[in-house]
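Below: the structure, in structure tokens.
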Amino acid sequence: MALAAARRLLLHAGSRLGRREAVDGARRFANKRVLVETEGPAGVAVMKLRNPPVNSLSLECLTEFTISLEKLENDKSIRGVILTSECPGIFSAGLDLLEMYGRNPAHYAEYWKNVQELWLRLYTSNMILVSAINGASPAGGCLLALCCDYRVMADNPKYTIGLNESLLGIVAPFWFKDMYVNTIGHREAERALQLGTLFPPAEALKVGVVDELVPEDKVHSKARSVMAKWLAIPDHSRQLTKNMMRKATADNLIKQREADIQNFTSFISKDSIQKSLHMYLEKLKQKKG
Ligand SMILES: CCCCC/C=C\C/C=C\CC/C=C/CC(=O)SCCNC(=O)CCNC(=O)[C@H](O)C(C)(C)COP(=O)(O)OP(=O)(O)OC[C@H]1O[C@@H](n2cnc3c(N)ncnc32)[C@H](O)[C@@H]1OP(=O)(O)O
């Protein structure tokens, strides 16, 4: 309930701010964790995740992300969005582990509902989505990129991308899997999901997780030039084609959203799974020391 109220407030405040800044040509609206700028080529917004240190998708971050997308969808002058990160070296560390560890079932259910909501909105967006992957992109971070129509990644071997859930002792849900299969094919997805593979850029390109690699300082300019190419296609034909390609995958979740929430909640609540997450979090801490 509190989140629904926050969402209404943010939508309202954001639209007022958006209108005021439109007077200057370039528009900009921001929540705490997501910054949206509409400058550069007409009809294109740049959405930057800024939830330091690692852009983990906390409940607040998911909510702000979803609201920002909703606002852009409602703005008929926006045809494309470049999705990127403001956190140096990290695109997104994926779902926030602290939202899935040591909480109660009601919290898990609420969190998962918001994860579903963001995924459905991104994956079925009518806008052209290009990801400018300027850092590490494990699990939910990879999920965000996979939702886009085109993925440009920084060619820095320190960055990896992939659905690594099995390394954490958890399981990617069927709709993560479906989207992976749609992107890289069944055999590659089967292998990568079981092994929890995090691909360095050259391998990510080879397998098709990303579409193009560029030097780190060229990620944004390349994303813009890719966007220009996609903008040249008539919206109605591109949108109908996108819908034709993606609808069955999205519908597969839509028809069983509630059951999927129940599945997640009971899975993540298990003692054995909580133990695995605890161990993984400890490993992340020890890495530092
Ligand atoms: C058959 C039955 C099936 C039923 C299935 C039903 C449902 C499915 C069930 C579950 C699926 C759930 C799906 C989850 C998808 C996910 O996205 S899980 C998250 C996966 N993410 C990761 O593995 C990334 C982990 N992080 C890293 O590898 C590194 O942090 C990094 C991103 C590469 C960055 O490294 P760097 O060295 O720069 O930073 P640090 O490691 O020092 O991290 C800084 C700080 O941030 C904390 N942190 C990192 N990642 C996360 C995260 N994802 N969530 C929360 N917090 C994170 C880290 O612990 C450090 O914290 P500090 O020590 O307190 O400073």
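Read the numbers this way: they start at 1 and go in the same order the structure lists the ligands and their atoms. Keep in mind that what you see is a predicted model, and the values were worked out from it rather than measured.
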Subject >> Lys113, NZ atom: more than 12 neighbouring heavy atoms under 6.0 Å >> reply: no
For ligand 1, which of its N or O atoms have a protein N or O partner closer than 3.5 Å, and how long is each gap?
residue	atom	partner	partner atom	Å
ligand 1	17 (O)	Leu95	N	2.8
ligand 1	17 (O)	Gly140	N	2.9
ligand 1	21 (N)	Ala93	O	2.9
ligand 1	23 (O)	Asn164	ND2	3.1
ligand 1	23 (O)	Tyr280	OH	2.6
ligand 1	35 (O)	Lys287	NZ	3.4
ligand 1	37 (O)	Lys287	NZ	3.1
ligand 1	41 (O)	Lys287	NZ	2.7
ligand 1	53 (N)	Ala93	O	3.2
ligand 1	53 (N)	Leu95	O	3.0
ligand 1	54 (N)	Leu97	N	2.9
ligand 1	63 (O)	Lys288	NZ	3.1
ligand 1	65 (O)	Lys288	NZ	2.4

**OP:** Mark yes or no for whether Glu99, through its side chain, and Leu95, through its backbone, hold a donor-acceptor pair below 3.5 Å.
**Re:** no
Subject >> Shared hydrophobic cluster, Leu163 / Leu198 (ILVMFWY, side-chain heavy atoms < 4.5 Å) >> reply: no
Original post:
Side chains of Asp178 and Thr249: donor-acceptor distance under 3.5 Å anywhere?
Top reply: no
**OP:** Quick one: sort the Phe264 and Tyr108 rings into parallel, tilted or perpendicular, breaks at 30° and 60°.
**Re:** perpendicular
Original post:
Salt-bridged, Asp260 to Arg257, with N to O below 4.0 Å?
Top reply: no
